[in-house]
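Report on the structure given below.
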Amino acid sequence: MDSFDYIIVGAGTAGCVLANRLSKDPSKRVLLLEAGKKDNYFWIDIPVGYLYTIGNPRTDWCFETEPETGLNGRRIGYARGKVIGGCSSINAMIYMRGQKSDYDHWESLGNRGWAWSEVLPIFRRSEDYQHGADDFHGSGGELRVEERRVNWEILDVWRDAAEQCGIPKIDEFNRGDNFGNAYFQMNQRTGKRWSAARAFLDAAQPRPNLTVMTEATVESLSFNTDADGLRATGVTLIHKGQRRDIEATSEVLLAAGAIASPQLLQLSGIGRPDDLRAHDIAVRHSLDGVGQNLQDHLQIRTIYQVDNTVTLNQRARTPWGMAMMGLEYFFKKTGPLTMPPSQLGAFAKSDPSQPSANIEWHVQPLSLDKFGSPLHKYNAITPSVCNLRPASRGTVSLKSANPHDAPAIAPNYLSTQEDLDVAVAGLKFTREIMAAPALAAFNPRELKPGPQITSEEDLQRAAGDLGTTIFHPVGTCKMGPAHDTTAVVDDQLRVHGVRGLRVIDASIMPTITSGNTNAPTVMIAERGAEFIRKDYKHSR
C-alpha cells in the first residue's frame, strides 16, 4: 500500500494552498488528489475564458440542482471546478473577503479564533496587492490582487447613479465594511487569471515530497477503530481504471468543496444514519450535519437596454470587433478579454433595520438570456442583485451509493419569507438606481423583469424566474462546537468524533460570507494548515 503523511482530497483552491503549506516541511510526504485533469487547457488563463470552461465537462462537473420550488420549479446549472485549481480555474476571479460582521458572527457561534481581527492577518499574509501593503492588504504573498484592465462609460455612470441613491463611491471593498460602490479587484497578474494553482501549487510541485495525482476519483475514506474510537487511515480511489488503497499516516484532509466533501463523507458512512441506510451504506459514525446547512447567493439578473453608449454587446457583435478585442488582449493584456463576469459592485441595506449591508449588485456591461447564450444584439447592461445573508438552507445528499453518481443538490432558494422580502427589495432598489438622474441620458428601459411587474406577488414570482446561482455554495460541513448537533467540524476543522480527519474548504462556513467565496476559502486553508502544523509540533 502506498503511504503518505497527509492525503489531500481535492486540488481546488483549498487543496492547492494546503499542498503548498504542508509540503514546505521536507520530512512530510504529501499527496494531492484531483478527480479532474491538469490545468493546461487554453481558456483557463485567459480571464474571459470562463465562458468556455463553465459548462464544459473538460473543466466543470456540470452539476444541476434538483427542481427548486423557489425558482418556480426550475433546475439550474451548478458549476464546480473539475480541474487542477478547482473553481479558482473557472470562477469570476473577484477578490472579496466578506465583511467584519461575518467573521465576528462565526466566533459568536463558539468558533474560537475566527473573528475578523484574527483572520485579517491571514488574508494579508497570502496576498500580493497591486498597490502594496497597508493596514488591510499584504504584499509579497502568493495570491496576486489587481485592478481591472478595461473601462466602460456605462459602469462609471452607474456608479454615479448608485451614489445619487445613497450608495457612496468607495475606493475598494475588503476593509471590513463593504457599504458603498466600487470596481472589483481581481485575482489576476498582468491580465491573466491567477488561480490557486498558479499562486500556490506551481511553486510547490517541484518539491520531491509532494505528489500530485490527477484523474484520481476518491471512492471512499478508510478507517480503523481502536480503544480511542474511529480514525481515518486513508482513501480508496480509482486512477486510470485501477482501484488503489493509499494510507495516510497522519491525517486525511477533505478539500473537495461544499458539494463533494459532504458527498464523500456520506459515501464513507459518516452522516445521517437514516439517509445512509436508505442507500445500504453501513453507518460508521452518526453526524447529522453532514450535507445540511447548504447556503448560496442567489442573484436576480435584471436587464436594461441603453442608448448613447457602447457595451460589450456592440463590441462583440461583428467578427471585426471580436478580432480587435483579441488583438488588444494578446498584445497588451488589456480590454474585454480581461473581464471577469462582473466588474462593478455595490453593497447596501435592503431596509434600514439591517445591521450592515445585506445586498450586493454585480453589474455587467452586457446582456444575454442566460449563461452560455449569445449576447443580445442591442446595447444593454445587467445589474444583478443578491441577498448576502440568505435565511434559506438547503442540502447535499446522495442519489445512490455509487461514488461516480452526482449528488442531489437542493439549495432551497427563496424558501423563507425573509428571503422573498429581500429579493423584492433588491428589485425595487435596482429600479431606483436605474431611474436616477445620472443615467437619464442613456434612456434605460427595463427588459427583465419588465415595468409591468409591480405587485409584491409578481415581483416574488419574477425573482424565482430570474434568479440563478453565483456559484457560492458553502456550509455543508458546518464548523461549530460539539454541543451544536448540526456541526460537522470543530474550530480546528477536525471532524467531530473521528480522529485523523479534517474538512478544510468552503463547506465549513457556518454562515455564508458577504460576497464571493474564493478569498475566504484561501484563508480557511491557511488556517487549516496552521492547525495541522501546530498539532504535529505538540505531538512530538
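- Atoms CD1 and CG, on I259 and L294 in that order, are 5.5 Å from each other to the nearest 0.5 Å.
- Under the 3.5 Å distance criterion, the side-chain polar atoms of H297 are left unmatched by any main-chain donor or acceptor of P473.
- We find the CD1-CG distance between I504 and L253 to be 5.0 Å, quoted to the nearest 0.5 Å.
- The backbone N or O of H137 sits less than 3.5 Å from a side-chain atom of D134, completing a donor-acceptor pair.
- Looking only at side-chain heavy atoms (C-beta outward), V290 and Q266 come within less than 4.5 Å of each other.
- Remark: R389 does not engage E418 in a salt bridge, criterion side-chain N to carboxylate O under 4.0 Å.
- Checked by atom type, the side-chain pair Y50/N91 shows no donor-acceptor distance below 3.5 Å.
- For the pair D128 and R189, the salt-bridge criterion is met [side-chain N within less than 4.0 Å of a carboxylate O].
- Salt bridge annotation for R175-D135: absent, with no cationic side-chain nitrogen under 4.0 angstrom from a carboxylate oxygen.
- Judged as a ring pair (Phe, Tyr, Trp, His ring centres under 6.0 Å), and not counting sequence neighbours, the contacts of F347 are F173.
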Next on the checklist: Show, in sequence, the C-alpha distance, side-chain angles and deciding distance for F184 and H362, and conclude whether the ring-ring contact (aromatic ring centres under 6.0 Å, His included) test is met.
Outcome noted: CA-CA 9 Å; F184 292 126; H362 290 76; 5.2 Å; yes
Checklist entry - Step by step, would you call T214 with K38 a side chain to side chain donor-acceptor pair (under 3.5 Å)? => result CA-CA 7 Å; T214 56; K38 294 180 179 179; 5.9 Å; no
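- Taking H131 as the reference, Y129 meet the ring pair (Phe, Tyr, Trp, His ring centres under 6.0 Å) condition, with sequence neighbours excluded.
- Side-chain atoms of H496 never come within 3.5 Å of backbone atoms of L287 as a donor-acceptor pair (strictly under, hydrogens ignored).
- Between E530 and R125 there is a salt bridge, with a side-chain nitrogen of the basic residue lying less than 4.0 Å from a carboxylate oxygen of the acidic one.
- For the pair M509/D102, no side-chain contact is recorded, criterion being any heavy-atom separation below 4.5 Å from C-beta on.
- Between D5 and R29, at least one side-chain N (NZ, or NE/NH1/NH2) sits under 4.0 Å from a carboxylate O, which counts as a salt bridge.
- When side chains are defined from C-beta on, R193 does not count as touching I46, because their heavy atoms never get closer than 4.5 Å.
- Here R198 pairs with D39 in a salt bridge; the nearest charged N to carboxylate O distance falls below 4.0 Å.
- Side-chain atoms of T486 and D484 form a donor-acceptor pair, as typed in the model, at a separation below 3.5 Å.
- Inspection of the E147 and Q130 side chains reveals no N or O donor paired with an N or O acceptor under 3.5 Å.
- Between F63 and W61, the ring planes are parallel. Angles under 30° get that label, and only those over 60° would be called perpendicular.
- Checking E172 against N174 by side-chain atom types alone, no donor-acceptor pair falls below 3.5 Å.
- Taking 4.0 Å as the cut-off between side-chain N and carboxylate O, E127 and R97 count as a salt-bridged pair.
- Under 3.5 Å, the side chains of D288 and T485 contain no donor-acceptor pair of N or O atoms.
- Using a 3.5 Å distance cut-off with no hydrogens or angles, the side chains of N412 and S392 do not pair a donor with an acceptor.
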Next on the checklist: Applying side chain to side chain donor-acceptor pair (under 3.5 Å) to T65 and R75, what does each step give before you reach the verdict?
Outcome noted: CA-CA 5 Å; T65 69; R75 297 175 181 263; over 6 Å; no
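- Put simply, OH on Y103 and OG on S117 are 13.0 Å apart, with the number rounded to the nearest 0.5 Å.
- With respect to the salt-bridge test (charged N to carboxylate O, under 4.0 angstrom), the residues D491 and R112 qualify.
- At least one donor-acceptor pair closer than 3.5 Å links the side chain of T476 to the backbone N or O of A258.
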Item to check | Audit row: N224, T233, side chain to side chain donor-acceptor pair (under 3.5 Å) steps and yes/no | outcome: CA-CA 7 Å; N224 66 24; T233 57; 5.2 Å; no
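- In this structure, R533 does not pair ionically with D25, as no charged nitrogen and carboxylate oxygen lie closer than 4.0 Å.
- In this structure, K28 does not pair ionically with E251, as no charged nitrogen and carboxylate oxygen lie closer than 4.0 Å.
- For the pair E526 and R21, the salt-bridge criterion is met [side-chain N within less than 4.0 Å of a carboxylate O].
- N516 contributes no side-chain N or O that, together with a main-chain N or O of N518, makes up a donor-acceptor pair within less than 3.5 Å.
- One N or O on the side chain of N187 and one on the backbone of R144 form a donor-acceptor pair closer than 3.5 Å.
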Checklist entry - How far apart are the C-alpha atoms of W106 and T511, what are their side-chain angles, what is the distance that settles it, and do they pass the side chain to side chain donor-acceptor pair (under 3.5 Å) test? => result CA-CA 7 Å; W106 290 7; T511 51; 3.2 Å; yes
